[in-house]
J.: 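Starting off with a structure, shown below.
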Amino acid sequence: MSVVQSVDNVALLPAYLAAGTAVLVLLADLLVGRAGATVAVAGTGVVATGVGAVVVGAAGTRRTFCVGADCSWVFDGRAALVAGVFALLTLGVLGLSGPLLRGGPTPVGEYCFLLACSMTGGVVLGAAGDLITLIVALETLTLPLYVLVGLRRGSLASAEAAVTFFVVSVVATTVTLLGAALLYAATGGLHLGRLGGLLADAPDVPLVPAAVALVVLGLAFKVAAVPFHAWAPATYDGAPLPVAAYLSTASKLGGVVALLAVVQRALPAEVTGPVLALLAVLTMTVGNLVALRQRRTVRLLAWSSVAQAGYILAPLGVLASTAGRGDDVRAGAYAAAVAYAVFFVVVELAAFAALVALRPAGADGGAVADLRGVARRRPWAGAAFALALVGLAGLPPGLAGLFAKVTVVRAVLDGGAGWLALVVALNAVIGLAYYLRLAATLYADPIRVPTGPAGEPAAAGFPARTGQPTAPVGGAPGVTPGRVAWPVSVALAGATALAVVIGFAPQLVLDLAFR
C-alpha cells in the first residue's frame, strides 16, 4: 500500500476560496482601510465560495489526501450542500451586520475576518473524512465565535456570554478528543469509513462503548442538546443580534454535520441509537416547555432552537430499533436529519433577520412585549417575522417548516419508531403556543397609557382626566418607525425568499441530502 497521499486541488477549491476570503479581508482592511471595501471583499469571497462549492459538487464525488482506500477529504453532493448553506448563512449575517458595523465601535476588518474563518471551518467540516479533520474543522468554525459573541463593548451580558460559551465549548472539545483518542487506542484507525468496519469487527473491545459515548456527548454540546444545552440561551441573548443569528444557524448546523458524520460512517448504530433517541426526546421536550415561559425574544428563539435540535436528532433515534438499521431506512433517516437542518437554518435566519430589522442598530433583542404592534408600523418586516415563526412551528403558509416536520415524521415511522413520532407530534403542538403567541404580539394593539400635558406618563395611582392624551406602550422601547438599513432589508428579503422557494421545492434539498 502506497503511503503517498494524492492531492486533488479541484476538490479543495471551496476550502481554498473560503480561507482566501479571510486573508483578503485582512489585506483589504490593512491596505484600503475603508469599511465598505472590506465588507465588499468579504461578500465577494463568500459568494465565490458558495459558487465554487456548487460547481465542484456538481461534478461528482472527489477524494483527496488518500492513503489506500482511506481519504481525509471527500467532497460529494452533501458536502457541497453544507458548504453552500454555510456560504449563504455567512452572506446573510454580513448583511444583517451592516448597521452594527457602520460607524460603531465594532472593528470591521476583524469582524469580517472572524466570520470568514468560521465559514472556512464549516466548508471543511462537510468534507471531513477522518476524526482529526472533523474536530479541527469544528473548532475552526467555533473559535472565532468566542470573540464575536463578546464584541458588544461595555456590555456585561456580552462578556458573560462569551466566557460561558468559551468554557463550555472547551469542555465539549476535550470530551470529544478523549473519545477520539480512545477510539484510536481500541482500533488503530481514525478515518471514518475505516472506523466503521473496525468497530463492526470488534464490538466487544471494552474501550469502545466509553469512546462512543464520549464522542457523541461531546458533539451534543455543539448541537445544544439537553442536558448539554444550558450555555445556549445566555450566549445567544448576550451576543450582538447578527452574531446570535450566526450561532443559532451556522454553529448548530456544524454540530449536526459533525454528529451525522460520525454516526453514519463510524460509530456502531446499536450503541448510538438509544443515546440519540433519548437525547432527541429530552431536547425537544425541555426546549419547548421552557420556551413557553420566556419573555425575552432572543431567549425564546434560543430555547426554540434547542427544541429544533431535538427534531433534527429524532430521525437518528430510529437506530435504536432493529427495524431502523436497514440500509434504506438508515439512508432515509440521515437524509431527513440533513434536510431538516437545512430547512431550519434558512427559516431561523429569516426570523433573526426580521428581528434585526425591527430593532434599532446595535440593540439587543429586547423583550417580547417590546414588539407589541410593531407589524402595524413596519408591515413587511413584521410579515416576514410572522412567516418565519409560522414556518418554525410547521404550519402553512410556512411550507419549508411544514415539509421539514413531515420529513422527520416520515423517516421515524419508516424506522418503526411510532412512539418517537408521537413525541415529535406532541412537541410540535406545544411549540405552537409560543410561536403563535409571538406572531400575534406583532399585530396586537399597542397598550396606551395616559400622559401629562408635556407628554410624560401620568403619575401612577391617579386616573387620567377625560380627553387626556395617551401614549403607546409595548412597542415604544427602542422600536421606531424609521427606515431599515438597506443591507438588512436585502438580507431579510433574501432569507425570506429562499425560505419560500425551498418550501415550494423541498425535493431539491432532499435529493442533495440523499447523495
J.: Can you tell me how far apart CG (L148) and CZ (F113) are? Round to the nearest 0.5 Å.
T.: 11.0 Å

J.: Once rounded to the nearest 0.5 Å, what's the spacing between atom CZ of R194 and atom CG of L131?
T.: 12.5 Å

J.: Do the side chain of N288 and the main chain of M284 share a donor and acceptor less than 3.5 angstrom apart?
T.: yes

J.: Is there a donor in the side chain of E348 and an acceptor in the side chain of S248, or the other way round, less than 3.5 Å apart?
T.: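 Looking only at side-chain atoms, S248 and E348 do form a donor-acceptor pair, the distance falling under 3.5 Å.
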
J.: Apply side-chain contact (heavy atoms from CB on, under 4.5 Å) to the pair L88 and V46, showing each step before the final yes or no.
T.: CA-CA 8 Å; L88 285 172; V46 170; over 6 Å; no

J.: Side chain of Y311, backbone of N427: donor and acceptor closer than 3.5 Å?
T.: yes

J.: Report the distance from atom CG of L492 to atom CZ of F385, rounding to the nearest 0.5 Å.
T.: 10.5 Å

J.: Can you find a pair of side-chain heavy atoms, one from P240 and one from V243, that are under 4.5 Å apart?
T.: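 When only atoms from C-beta onward are counted, V243 and P240 do touch, with a gap below 4.5 Å.
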
J.: Measure the spacing between CZ of F344 and CG of L349 and express it to the nearest 0.5 Å.
T.: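 So the gap between those two atoms works out to 10.5 Å.
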
J.: With the side chain counted from C-beta on, respond yes when H191 and S72 share a heavy-atom pair under 4.5 Å apart, and no when they do not.
T.: yes

J.: Given side chains that start at C-beta, do those of Y146 and L143 come closer than 4.5 Å, heavy atoms only?
T.: yes

J.: For V93, is there any backbone N or O sitting under 3.5 Å from a side-chain donor or acceptor partner on S97?
T.: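 At least one qualifying donor-acceptor pair exists.
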
J.: Take atom CG of N9 as the centre, draw a 6.0 Å sphere, and report whether it contains more than 12 heavy atoms from other residues, nucleotides or ligands.
T.: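 Check passes, neighbour count above 12.
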
J.: Within the 4.5 Å heavy-atom criterion, are C66 and W73 side-chain neighbours or not?
T.: no

J.: Atom CZ of residue position F166 - does it have more than 12 heavy atoms of other residues, nucleotides or ligands inside 6.0 Å?
T.: no

J.: Checking side chain to side chain contact (heavy atoms under 4.5 Å, CB included) against V262, which of T272, L195, L192 comes through?
T.: L192

J.: Could you check whether E139 and T173, counting side-chain N and O atoms only, form a donor-acceptor pair closer than 3.5 Å?
T.: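 The criterion, which ignores hydrogens and geometry beyond distance, is satisfied for E139 and T173.
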
J.: Check whether T283 reaches the backbone of V226 with its side chain - one donor and one acceptor, N or O, closer than 3.5 Å.
T.: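 Yes, T283 side chain to V226 backbone: donor-acceptor pair under 3.5 Å.
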
J.: Counting C-beta onward and ignoring hydrogens, is there a side-chain heavy-atom pair between L182 and L214 closer than 4.5 Å?
T.: yes

J.: Any non-hydrogen side-chain atom of V256 less than 4.5 Å from a side-chain atom of V338?
T.: no

J.: Determine whether the aromatic ring centres of W231 and F165 lie less than 6.0 Å apart.
T.: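 Judged by ring-centre distance (under 6.0 Å), W231 and F165 do meet the cut-off.
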
J.: Find the distance between CD1 (I502) and CD (Q507) and round it off to the nearest 0.5 Å.
T.: 13.0 Å

J.: R63 pairs by side chain to side chain contact (heavy atoms under 4.5 Å, CB included) with which of V74, D76, D8, D70?
T.: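 For R63, the side chain to side chain contact (heavy atoms under 4.5 Å, CB included) test succeeds with only one of V74, D76, D8, D70, which is V74.
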
J.: State, without any angle test, whether K222 and T176 hold a side-chain donor-acceptor pair at a distance under 3.5 Å.
T.: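 Their side chains do not contain a donor-acceptor pair, so the 3.5 Å distance test is not met.
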
J.: If you measure from OG1 on T140 to CD1 on I135, what distance do you get to the nearest 0.5 Å?
T.: 11.5 Å

J.: For residues Y340 and T407, is any side-chain donor paired with an opposing acceptor at under 3.5 Å?
T.: no

J.: Quick one: does T133's side chain get under 4.5 Å of L190's, heavy atoms only?
T.: no

J.: Can you confirm whether V298 sits close enough to L355 that some side-chain heavy atom of one is under 4.5 Å from a side-chain heavy atom of the other?
T.: yes

